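Note that the structure is a prediction, hence the values are computed from the model and not measured. Order of the sequence lines fixes the chain letters, A, B, ..., with proteins taken first and strands second; residue numbering starts at 1 for each chain.
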Amino acid sequence: MKYQAPKGVKEYLPPASAQFERVRDALLAPARLANYQLMELAIFEETEVFTRGVGESTDVVSKEMYTFTDRADRSLTLRPEGTAGVMRAVIESGMDRGQLPVKVFYNGPFFRAERPQAGRYRQFYQVGIEAIGSDNPLVDVEVISIATEGFANLGLRGFKLVVNSLGDFKSRNAYRLELSKFLSTLDLDEATRERARINPLRILDDKRPEMISALAKAPNVLDSLNPQSREDFSKVQQGLDALGIAYEIDPRLVRGLDYYTKTTFEFIHPQLGAQSGIGGGGRYDGLMESLGGQPLSGIGFGIGIDRVMLACQAEGIDISEEIPLACFIIPLAREWEFEAFRIGAELRSAGLRIDFAFGDRSLKGAMKAADKSGATFAFVLGERESQSGTVELKELGTGQVQSVRLADLATLLGNAVKRSKGN
RNA sequence: GUGGGCGUAGCUCAGCUGGUAGAGCAUCCGGUUGUGGUCCGGAAUGUCGCGGGUUCGAGCCCCGUCGCUCACCCCA
């Protein structure tokens, strides 16, 4: 084996690719129903979009970006996350000067140069949505509910939703100061002290047991929320309650991107191993402005398709394809191939999924192929059928055969597909 | 970047204390006339990840290297 996909690149081949599509579409459907619209975006950006957007101090920017120089010596970067690119496109197209809020969704591959492990890849896939230009906490609720709807579409149950509020800019900065003071009383190792200096909030995320106990007495963000932030967070909670969405409040939930303010949230699936976050997001107040746009607030989420697929697997959810192959057509010999193909094309344009026995194989081999294809029906096309305009249609599940006129084939197959869907 | 586990047929793996490689599944063909699934018979496939060392002899031991995988950090 000479060539292989680059390290950590996750690819989906049949039959898993059909599951990938289903998961992606199930996650996207609620966004469409909530009137979010598709953005098909650049997969690489000027590096500065991310350094300014995501923040220099984050791990994502400081050590995980795929950055390269093009022939004109421009520094470009494969997108490591979705929000910054959305903001750039919104500003570039002037959407931030039009009707607000701007509600958009996206999906596709993202890239981070990390060491791969279970559920973490260098090329991975996300769906995401952003609602830009409204401070209303109900928008936060809408965004979160779209995510939970997506999971519900798949029948996922084993995840939990964790929410927190970091407070608005003022509130967050005040807390940051307070937290720094507290952290300076702790005896921290070199790396942690450096992180604390760059962004003290991120220390709260530390999962090491000794750190968790050291942080037991750390000041709580929620206690330092100013009145406005407090009220907004309370509305978010009321909205979630009204929709019957279960959640936990975790004042330690900070998330690794610098732009978050106010609401942050994360979906955790405990059966997943070390990388248990299947999705997450939050509100960002200063992001648009720092990329040169209007001073608008926004909120959004990113959901990892790869991890949602793992979660479905862990819960034993069947995400296999449900549209069956209606019929497998077997030309008896080369001379019948064109006619078989013509019939197949007609059936396909009637909306039926049709496949053929290609290649010169024995009839037995062709029947075997029909069987393995999972088709509901199969028939042979040869001299007799061509003459009579009638085929012996075989139902592969039962072995039953019936004579069907070619003219009636489309209707009959169509009805059979409908019936099997109804079951 | 750091640490653990693993690299044998397309896939999943077996190979006892070192004696020149096997199973199941998958693939293909056949079991007489134009109909699959079960069953039976047959065929094909490996520089045992790569390089070096020890040995009369290495898939098995040693060293290096590459790859995969899991975990730390962090995130989807």
* **Intra- and inter-strand pairs of RNA chain B in dot-bracket (Watson-Crick or G-U wobble, both distances under 3.5 Å; | for another strand)** => (((((((..((((........)))).(((((.......))))).....(((((.......))))))))))))....
* Asked: What residues form a side-chain contact (heavy atoms from CB on, under 4.5 Å) with A:R52, not counting sequence neighbours?
  -> A:E48, A:L291
Who passes side chain to side chain donor-acceptor pair (under 3.5 Å) against [X], sequence neighbours left out?
X      : result
A:T58  : none
A:R157 : none
A:R202 : A:D59

* To do: Check ring-ring contact (aromatic ring centres under 6.0 Å, His included) between A:F341 and all other residues, then give those that pass, not counting sequence neighbours.
  => A:F356
* Structure fact -> Walking RNA chain B from its 5' end, the first of A:F124 and A:S362 to be reached, judged by nearest nucleotide, is A:S362
Which atoms of nucleotides 65-73 of chain B (N or O only) lie under 3.5 Å from a protein N or O atom, and what are those distances?
from: B:rC68; atom 1: OP2; to: A:K7; atom 2: NZ; distance (Å): 2.9
from: B:rC70; atom 1: OP2; to: A:A118; atom 2: N; distance (Å): 3.1
from: B:rA71; atom 1: OP1; to: A:A274; atom 2: N; distance (Å): 3.2
from: B:rA71; atom 1: OP2; to: A:Q117; atom 2: NE2; distance (Å): 3.2
from: B:rA71; atom 1: OP2; to: A:A118; atom 2: N; distance (Å): 3.4
from: B:rC73; atom 1: N3; to: A:R120; atom 2: NH1; distance (Å): 3.3
from: B:rC73; atom 1: N4; to: A:Q117; atom 2: OE1; distance (Å): 3.3
from: B:rC73; atom 1: N4; to: A:R120; atom 2: NH1; distance (Å): 2.2
from: B:rC73; atom 1: N4; to: A:R120; atom 2: NH2; distance (Å): 3.2

* Whole angstrom value for the distance that separates P of B:rC74 from CZ of A:R252 -> 14 Å
* Given atom CG of A:N107 and atom C1' of B:rA76, what is their separation to the nearest angstrom? ->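 Rounded to whole Å, this separation is 14 Å.
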* **B:rG15 versus B:rA9 - spacing of their P atoms, nearest Å** =>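 It works out to 15 Å between them.
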* Rounded distance in Å between the C1' positions of B:rC74 and B:rC13 -> 35 Å
* Pairs satisfying ring-ring contact (aromatic ring centres under 6.0 Å, His included), at least one member in residues 17-54 of chain A, at least two apart -> A:Y12-A:F20, A:F20-A:Y125
* Mind jotting down which residue pairs meet the ring-ring contact (aromatic ring centres under 6.0 Å, His included) criterion with at least one end in residues 129-160 of chain A? Sequence neighbours excluded, please. => A:F151-A:F159, A:F151-A:F267, A:F159-A:F267
* **By salt bridge (Lys or Arg N to Asp or Glu O under 4.0 Å) - contacts of A:R255 (at least two apart)** => A:E266
* Asked: Would you say A:R252's side chain and A:L204's backbone share a donor-acceptor pair under 3.5 angstrom?
  -> no
* **Check: A:S171 side chain, A:S224 main-chain N or O, donor-acceptor pair, under 3.5 Å** => yes
* **Qualifying salt bridge (charged side-chain N to carboxylate O under 4.0 Å, His left out) pairs, either residue in residues 394-414 of chain A, two or more places apart** =>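 Listed by first then second residue: A:R405-A:D408.
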* Structure fact -> Protein-proximity profile, nucleotides 33-48 of chain B, B/S/- by nucleotide at the 4.0 Å heavy-atom cutoff, equals -BBBB-----------
* Contact class for A:T58 vs. all strands (heavy atom < 4.0 Å): base, sugar-phosphate, or nothing? -> nothing
